[in-house]
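We count ligands from 1, going down the list as the structure has it; atoms in each ligand are counted the same way.
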Amino acid sequence: MIVKTPEQKKALKQGMLANVMRQFDNVADIIDLNPNIRKILEVTNNELVVHFPVRMDDGEVEIFTGYRVQHNNSLGPYKGGLRYHPTVDIDAARALAMWMTWKTSLAGLPYGGAKGGIQLDPTKYSNDELQRITRRFTYALGDNIGPELDIPAPDVNTNPQTMAWILDTYMSTKSPAERSTNMHVVTGKPIGAGGSQGRDRATGYGVFLNIKFWAEHKNIDLKDKRFIVQGFGNVGYWAAHFLEKEGASMIAVQDAYGSIVNEDGISVEDLLAYTKANKGSIMGFAKAETLDNVAFFGLDCDICIPAALGNQITEANASSVKAYLIAEGANGPTDVAAEEILLKKGVAILPDILCNSGGVIGSYFEWLQNRNGEIWQLDEVLQKLEKKLRESFIKVVETSESRKIDMRTAAFIIAIERLEEAYVQRGIFP
Ligand SMILES: NC(=O)C1=CN([C@@H]2O[C@H](COP(=O)(O)OP(=O)(O)OC[C@H]3O[C@@H](n4cnc5c(N)ncnc54)[C@H](O)[C@@H]3O)[C@@H](O)[C@H]2O)C=CC1
Ligand SMILES: O=C(O)CCC(=O)C(=O)O
């Protein structure tokens, strides 16, 4: 359960869970949310913590801890990614699961919210070890996931290969008849294993589209605009790819290994090719200089795209931000204290639950195709994605402008009011 007593609250470190709870409480107060529905939404439905043994390449057995938190399923099956990272713990999974509920609700999808992962540093394990870890984790999750119950997807340090291992392991526990109808137990799969065209780029493309919609709304031409990206993985790379195609220039990048800068621009494709040959790291890229990590968010630029972890823009660095737009590719990259500072400075923030929702929308398209035995072309997927994202963007901007509130508050209001309506219409709280 999400911590609620004063003692627990006091003990709670200022992490993502504290942020998502403050965001929720703020909006619940503004919309005067039905108190019974508030009680339901402020706790998670189910929390699974599993400890499981895996044999390492050297023959030793290591015990791993995995998590799956299912926050709410009043709008449909639980949906959300799996993260492999040392910072994964029960509070991180709770926070990320809650954001998923708001995200799927805002996007108008028939899904609830969940998140999970394994607390580990994947750079310390071989590919074979990661495969065995993923398969044992899937066995440990058992029937707590399922195509109509809870559908995982990729997140930090997981990818289509990870999803294929999960699919294969899950299938191996099913009867032959069930195997062909369970393909949609995970999304973000490789195309050959039932994945959808476009899911690879869906999140980053969605981040780009949100920036483009915002720029059009403000009559700003993206050509020659300077942007910085934190995280050059799935989300960061694809967002940068599409922005560069639009004529904008990437002047700095930060990843888990450090930061690089080139005021004249860094070629997105050259950097991708370099990272592929350099164990995923941007460091040492010849056409840029090394930059102190602390200076990164204070760089002179137009657009800042945090696309790595949570709580990256905080009270400590928010005042130094020079960008006039922050497009949140990551979940929870801006904490509540930082947001207050940024909004006072006039910085616009495209909130995570809107800005990175292209990923889960792309997953929904994959799930639908698997469920209905359909295969869609790339252009069809991208067109449908753009249509859905534009609808969400318009709703958020209209709510923000008519109620004179920031875009995060507007997005949360739309998401939480949809959930409230579902509970009220079902008659649970007449
Ligand atoms: N993959 C997806 O479809 C979606 C991902 N997101 C969010 O986007 C963010 C990034 O996810 P992915 O791109 O999928 O992960 P990824 O694993 O593909 O890439 C993560 C990137 O962040 C960097 N990074 C890790 N720790 C860092 C640190 N302390 N400082 C700076 N950079 C660091 C890594 O080096 C890597 O470049 C996460 O917050 C995730 O929850 C949100 C929606 C969907
Ligand atoms: O594609 C999905 O189902 C969820 C992706 C995700 O974890 C996220 O949107 O944060």
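- Counting protein heavy atoms only, atom 24 (N) of ligand 1 is closest to Ala256 N, 3.6 Å.
- Scanning the protein heavy atoms around atom 8 (O) of ligand 1, the nearest turns out to be Gly329 O, 3.4 Å.
- Remark: ligand 1 and His85 share no N or O pair separated by less than 3.5 Å (distance only, no angle test).
- Geometric assessment of Lys225 against the ring of Phe227 yields a negative cation-pi assignment under the 6.0 Å and 45° thresholds.
- No cation-pi contact links Lys115 to Trp99, judged by a cut-off of 6.0 Å to the six-membered ring centre and 45° from its axis.
- The heavy atom nearest to atom 18 (O) of ligand 1, considering only Asn157, Asn234, Asn293, Thr123, is found in Asn234.
- Using a 4.0 Å cut-off to heavy atoms of Asn331, the atoms of ligand 1 that qualify are 6 (N), 7 (C), 39 (O), 40 (C), 41 (O), 42 (C).
- In this structure, the protein non-hydrogen atom closest to atom 12 (P) of ligand 1 is Val235 CG2, 3.9 Å.
- Both tests hold for Arg426 against Tyr423: distance to the six-membered ring centre under 6.0 Å, angle to the ring axis within 45°.
- Taking every heavy atom of Asp155 and a limit of under 4.0 angstrom, the matching atoms of ligand 2 come to 7 (O).
- The shortest contact between atom 3 (O) of ligand 2 and any protein heavy atom is with Lys79 NZ, 2.6 Å.
- Of the N or O atoms in Gly231, none lie within a sub-3.5 Å distance of an N or O in ligand 1.
- Salt-bridge check for Arg38 with Asp25: passed, with a basic side-chain N closer than 4.0 Å to an acidic carboxylate O.
- For ligand 2, the atoms sitting less than 4.0 Å from at least one non-hydrogen atom of Gly359 are 1 (O), numbered in the order shown with element in parentheses.
- Of the listed residues (Lys79, Lys189, Arg199), just one forms a salt bridge (Lys or Arg N to Asp or Glu O under 4.0 Å) with Glu366, and that residue is Lys189.
- In this structure, Lys115 is part of the shell of residues with a heavy atom less than 4.0 angstrom from ligand 2.
- Of the heavy atoms in Arg199, only side-chain atoms (C-beta onward) come closer than 4.0 Å to ligand 1.
- In terms of protein heavy-atom proximity, atom 10 (C) of ligand 1 is closest to Ala307 O, 3.3 Å.
- Using bins of under 30°, 30° to 60° and over 60° for the plane-to-plane angle, the ring pair Trp102/Phe412 lands in the tilted bin.
- Here the protein heavy atom with the shortest distance to atom 29 (N) of ligand 1 is Leu309 CD1, 3.8 Å.
- Judged purely by distance below 3.5 Å, without hydrogens or angles, the side chains of Asn278 and Thr275 never pair a donor atom with an acceptor atom.
- For atom 5 (C) of ligand 2, the nearest non-hydrogen atom from the set Arg83, Lys103, Arg199, Met163 comes from Arg199.
- Ligand 1 has a nitrogen or oxygen under 3.5 angstrom from a nitrogen or oxygen of Asp155.
- Ring-centre distance between Tyr111 and Trp367: below the 6.0 Å cut-off.
- By the 3.5 Å distance cut-off applied to N or O atoms, Thr158 is not counted among the residues near ligand 1.
- Nearest non-hydrogen protein atom to atom 20 (C) of ligand 1 is Gly233 CA, 4.3 Å.
- Contacts between Ser357 and ligand 1, counted as non-hydrogen atom pairs separated by less than 4.0 Å, are absent for every part of the residue.
- In terms of N/O distances under 3.5 Å, ligand 1 is approached by Phe232.
- Under a 4.0 Å criterion applied to the non-hydrogen atoms of Ser363, ligand 2 contributes the atoms 1 (O), 2 (C), 3 (O).
- When heavy-atom distances to ligand 1 are checked against a 4.0 Å cut-off, Thr203 comes that close only through its side chain, counted from C-beta outward.
- Annotation for ligand 2: atoms under 4.0 Å from non-hydrogen atoms of Asn331 are 10 (O).
- Distances below 4.0 Å separate heavy atoms of Arg83 from the following atoms of ligand 1: 38 (C), 39 (O), 40 (C), 41 (O).
- The six-membered or imidazole ring of Phe64 lies near that of Tyr125, with a centre-to-centre distance under 6.0 Å.
- Thr44 and His71 share no side-chain donor-acceptor pair at under 3.5 Å.
- For Asn45 and Gln70, the side-chain atoms include no donor-acceptor pair closer than 3.5 Å.
- Here is the list of ligand 2 atoms found below 4.0 Å of a heavy atom in Gly81: 4 (C), 6 (C), 7 (O).
- A donor and an acceptor atom, one from each side chain of Asp155 and Thr158, are nowhere located under 3.5 Å apart.
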